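Below: one structure, written as structure tokens.
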Amino acid sequence: MIAVPSPLRLRLSSEALVANWRWLARQSGAAACGAALKADGYGLGASAVMRHLSAAGCCDFFVATWAEAVALMPLPAGVSLSVLHGVGESDMVAARLLPARPVLNSVEQVRRWREAGEGRPCDVMIDTGMNRLGLRVEEALSGALNGLTIETLHSHLASADEDSDQNVRQLAAFRAIREQIPARRYSLANSAGICLGSDFAFDLTRPGIALYGGTPRGEARGHIQQVAFPEARVLQVRAVPAGETVGYGASWTASRDSRIAVVNLGYADGYRRCHAGSGGGTWQGQALPLVGRVSMDLTAFDASEAVGIGEGDWLSLDYELLTVSAQSGLSQYELLTGLGKRFER
Ligand SMILES: *Cc1c(COP(=O)(O)O)cnc(C)c1O
């Protein structure tokens with residue numbers, strides 16, 4: 001095989017990642033602070049994220065599926081891994097063999113885990129009002145969990161990123177459950193939940209988006225640093241005379257004689273069409289606004305002020321999540337997890 005360098009790269013700042021985790025760990029008070037690694041570490045590369053955070057002292061990691069768990073083997077020493085989607089019938093081989101715990105999500109999954117006769121500790125998710133995954137409170141209280149060795153009992157907040165009454169209702173429901181279902185630890189808060197205050201932290205928090213540079217609520221503003229830096233290579237720089245148009249639909253017209261950098265990047269890479277009108281990049285500190293539409297594999301930027309930029313140079317995309325989310329209408333989660341395979345990580 002010939003090694004071909006990709007014209008797209010996604011730089012991960014491990015310093016920012018670790019700094020974000022440390023801030024979230026401080027906000028978690030006495031609770032341990034874990035890390036959600038699902039969707040390949042929100043698109044950044046789960047193995048690298050796990051390596052950096054476990055070296056910083058993070059011990060509790062979460063993936064969605066057993067395939068994601070397999071991809072993280074072997075685990076660093078002293079690390080615990082939980083699989084949020086629990087165990088389906090076809091997961092049982094992996095669940096028996098891997099050093100990871102299922103988060104059991106239904107009476108059916110509890111039965112499956114019991115019948116496997118492992119007797120090993122598991123995690124359990126209780127639904128306190130989101131109606132996504134988890135045993136209903138009345139199921140949990142009617143003996144479904146009797147005899148299980150529960151390492152961590154979880155619930156998940158539906159509206160933690162908003163000032164909603166649902167947060168305190170879920171908190172009260174989780175506190176009541178905690179009095180009745182024995183487990184070694186209890187865990188409720190995601191990134192936004194951590195910002196709601198120490199009442200929500202219990203024994204373990206499970207941040208995801210804020211680790212990766214997302215600002216889940218106003219309280220985190222100014223404390224969370226950008227982690228993911230997408231960069232794309234310039235394919236060519238062309239002179240576009242005043243009055244001519246650029247790209248599909250001729251949606252942008254040069255108001256002066258311009259120099260346009262055409263970049264190896266498009267919606268097939270997750271750089272979506274809604275960035276048109278607000279997107280941009282920088283090269284050597286110089287701003288290059290996006291012009292015209294985003295194509296499948298190509299996007300044009302106005303490089304008129306970027307003196308010296310040429311073929312092969314790397315454009316840093318504007319990708320501060322809170323800002324770009326507000327401009328594009330995409331969620332901070334979509335901005336990260338949408339970045340495609342052609343980005344070298
Ligand atoms: C994804 C997820 C998290 C992390 O959520 P963020 O909003 O990214 O912090 C925590 N807990 C569960 C159960 C999740 O599914």
Side-chain angles (χ1 to χ4, degrees), residues 17 20-25 27-28 31-44 46 49-50 53 58 60-66 68-69 80-87 100-106 109 122-135 150-162 164 166-167 170-171 173-174 177 183 185-197 200-221 223-224 227-228 321-322 325 330-338:
L17 174 74
N20 291 343
W21 180 75
R22 293 216 161 103
W23 184 77
L24 291 159
Q27 300 310 112
S28 301
C33 183
L37 295 178
K38 59 201 184 184
D40 197 22
Y42 290 43
L44 290 178
V49 170
M50 178 184 252
L53 291 184
C58 180
D60 298 277
F61 294 91
F62 300 89
V63 290
T65 67
W66 292 92
E68 291 181 345
S80 140
L81 182 65
S82 298
V83 179
L84 290 164
H85 293 185
V87 275
R101 292 189 306 278
V103 181
L104 303 178
N105 276 299
S106 64
Q109 289 196 352
C122 57
D123 288 3
V124 170
M125 174 70 68
I126 306 291
D127 177 55
T128 52
M130 187 171 187
N131 275 309
R132 192 176 65 170
L133 291 179
L135 281 83
I150 303 176
E151 163 64 29
T152 307
L153 189 82
H154 301 269
S155 192
H156 191 52
L157 296 165
S159 305
D161 55 345
E162 293 167 31
S164 161
Q166 193 179 19
N167 296 324
Q170 288 195 263
L171 178 63
F174 193 60
I177 271 280
R185 297 191 295 182
Y186 297 84
S187 175
L188 178 62
N190 61 351
S191 302
I194 292 170
C195 296
L196 291 175
F200 288 79
F202 292 90
D203 305 306
L204 170 67
T205 57
R206 308 184 306 264
I209 192 70
L211 293 169
Y212 307 112
T215 304
R217 289 181 58 93
E219 293 87 342
R221 219 180 268 254
H223 297 290
I224 295 296
V227 172
L321 295 178
L322 191 60
S325 169
L330 297 171
S331 75
Q332 299 179 71
Y333 300 80
E334 290 171 282
L335 284 170
L336 283 183
T337 59

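Counting from 1, the numbers follow the sequence of the chain as shown. Every number for a ligand or one of its atoms is a count from 1 in the order of the listing. Since the structure is predicted, the reported quantities are computational estimates derived from the model, not experimental observations.
Using a 4.0 Å heavy-atom cutoff, Met125 is listed among the residues neighbouring ligand 1. Look at Tyr333 and you'll find a heavy atom under 4.0 Å from some atom of ligand 1. The closest approach between any non-hydrogen atom of Ala210 and ligand 1 is not below 4.0 Å.
In terms of protein heavy-atom proximity, atom 5 (O) of ligand 1 is nearest to Asn190 CB, 3.4 Å. The shortest contact between atom 9 (O) of ligand 1 and any protein heavy atom is with Ser191 OG, 2.5 Å. Among protein heavy atoms, atom 10 (C) of ligand 1 sits closest to Arg206 O, 3.2 Å. For atom 8 (O) of ligand 1, the closest non-hydrogen atom on the protein side is Tyr42 OH, 2.5 Å.
The structure places SG of Cys58 at 8.5 Å from CE of Met50, a figure rounded to the nearest 0.5 Å.
Counting heavy atoms under 4.0 Å from ligand 1, residue His156 touches it through the side chain alone.
For the residue pair Asp123 and Arg101, the shortest heavy atom distance occurs at OD1-NE, 2.7 Å. Counting all heavy atoms, side chain and backbone alike, Gln166 lies closest to Gly129 at NE2-O, 3.3 Å.
For the side chain to side chain contact (heavy atoms under 4.5 Å, CB included) test with Leu84, the passing option among Val63, Val103, Asn105, Leu133 is Val103; the others fail.
Between Lys38, Arg132, Met130, it is Lys38 that holds the heavy atom closest to atom 3 (C) of ligand 1.
Looking at Thr337, its side chain does come within 3.5 Å of a backbone N or O of Tyr333 through a donor-acceptor pair. Put simply, the side chain of Glu68 gets close to the backbone of Ala39: a donor and an acceptor are under 3.5 Å apart. Listed for the Trp21 side chain is no donor-acceptor partner under 3.5 Å among the backbone atoms of Ala210.
Distances between N or O atoms of Ile209 and those of ligand 1 include at least one value under 3.5 Å.
Glu162 and Ser159 are not linked by any side-chain donor-acceptor pair at a separation below 3.5 angstrom, with hydrogens and angles left out of the test.
With ligand atoms numbered from 1 in the order given, ligand 1 contributes 9 (O) to contacts under 4.0 Å with heavy atoms of Pro207.
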